[in-house]
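Okay, structure first, notes after.
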2 protein chains.
Amino acid sequence: MTTKISTDRKREIIQGFYELAKEKGLENTSIAKIGKHLGMPPSLIMHYFPTREILISHLISFILKRLLKIYTPIIKELRVQNYTDPHTFVDRMFSRDWNLLIDDGVFYSCFSLIFRNDRIKKEYRNLHLKLRENLKEILDQDEKLKLKDTALLSEQIFVVVEGAYYYLSMIDDQDLYEEKVKIFKNQVYDLLKY
Amino acid sequence: MTTKISTDRKREIIQGFYELAKEKGLENTSIAKIGKHLGMPPSLIMHYFPTREILISHLISFILKRLLKIYTPIIKELRVQNYTDPHTFVDRMFSRDWNLLIDDGVFYSCFSLIFRNDRIKKEYRNLHLKLRENLKEILDQDEKLKLKDTALLSEQIFVVVEGAYYYLSMIDDQDLYEEKVKIFKNQVYDLLKY
DNA sequence: AAATATATTGAACGATCATTCAATATTATA
DNA sequence: TATAATATTGAATGATCGTTCAATATATTT
């Protein structure tokens, strides 16, 4: 069994890894730098994460767990009031909470690793499956969508959301950003219609 | 003026860089390795690309230029026959040509650099603006879309395409892949309707 | 053909990389 | 309290990193 110290240290190291990757970029974040950032020798990091690959794999789990969290408050909300206005979750999907939750730069850097590492790919895939399942669960609560294929709908919605995030991350201008968000939100509402 | 040898060598180096990045991943592709791959000393590479940053910046230009090429045959086709069935370009957008044109791993690795480098971000942004303009040009040829906001439409279509590519890159199973493609194609066709 | 510019080589630089290891400090177990 | 297990340190490893430089070869211009 792992001790409390062990789990705390591991958490601390991954957290520090994430912070540094957010600040300097994943490709510029070495084990020595993480150590300096946290005030510990690199050898201690390698005591808990024997290789860099293992370390990165844990960073990815950390990120994906966090991303999954954006839906738990909605789901909880649903359990209580038994209905949620579509605006609630569409707003949430396009809210800044995502960016607050996980830095886009770190996220896409980690994502690009799926092409060279099957375990990472599977982990990303599982996250997205869960996200879609969660969304389906939300949609299923909506009376007006009773006759629709909510599984298909959640796929279609997410593709818009993910494409939107990809595109929005290139836009610096605030006003333009908000304008685009409005467009893509409407695109999601259109999917919920008819 | 740059000589022929100079431009040829530069092209060769960037091409070799891309090949190696495709094979081993961008983060594992050093200048020394590119040199070994091409049978030339690293110093020669640095003669033409004084820093690694400049080298990467040229790789990105190389990639983005290639991606833009997917639409030129369609545009040409349009110029000749003055009409194109929507299936033509929707099929093309979801075709394997994209993946053949540029490796997804290299593409997303380069994309993740936009968050730390404004020049790269601007370059990516410009590419996507051009892609949307090209698509608008195609849509404008379609009689049935005369009354529609084709600029908006091309934004909406591309968001689906980009979200779809992101999602599809996690799927290994061939049959499932094709099934998903069908769904996302229909999503685009729905946008072209009513 | 001489002079100049460009292309190419290979050795070397210090910095940093991930990783190893033996020694010491701390904590948990007996 | 003695023993065993875990946590932590700091120095050292060889490999590789991007980059520099002086020397040589080749091509271009005069």
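Side chains included, hydrogens not; waters and symmetry mates left out as well; all remaining heavy atoms used.
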Could you go step by step and tell me if F49(B) and I56(B) meet the side chain to side chain contact (heavy atoms under 4.5 Å, CB included) rule? CA-CA 9 Å; F49(B) 304 97; I56(B) 286 190; over 6 Å; no

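- OP1 or OP2 of dC17(C) sits under 4.0 Å from a side-chain N or O of K33(A).
- If P50(B) and I5(B) are placed on DNA chain D by their nearest nucleotide, the residue sitting closer to the 5' end is P50(B).
- Summarising the geometry, the separation between CD1 on I34(A) and P on dT16(C) is reported as 16 Å, rounded to the nearest angstrom.
- Phosphate proximity of dT8(C) to Y48(B): present, with a side-chain N or O under 4.0 Å from OP1 or OP2.
- For the pair R66(B) and F107(B), the cation does not sit on the ring face, since its NZ or CZ is not both under 6.0 Å from the ring centre and inside 45° of the axis.
- If you measure from atom CZ of F17(B) to atom P of dG18(D), you get 9 Å, rounded to the nearest angstrom.
- The existence of a salt bridge linking K185(A) and D91(A) is confirmed by a sub-4.0 Å separation between a basic side-chain nitrogen and an acidic carboxylate oxygen.
- Of the two residues near DNA chain D, I31(B) and T7(A), the one whose nearest nucleotide lies more 5' is T7(A).
- Put simply, R9(B) has no side-chain N or O that comes within less than 4.0 Å of OP1 or OP2 on dT6(C).
- S43(B) comes within contact range of at least one nucleobase, with a heavy-atom separation under 4.0 Å.
- Atom CG of N28(A) is separated from atom P of dG18(D) by 12 Å (rounded to the nearest Å).
- Salt-bridge check for K146(B) with D140(B): failed, with every basic side-chain N at 4.0 Å or more from each acidic carboxylate O.
- Note: CE (M46(B)) to C1' (dT8(C)) measures 15 Å, nearest angstrom.
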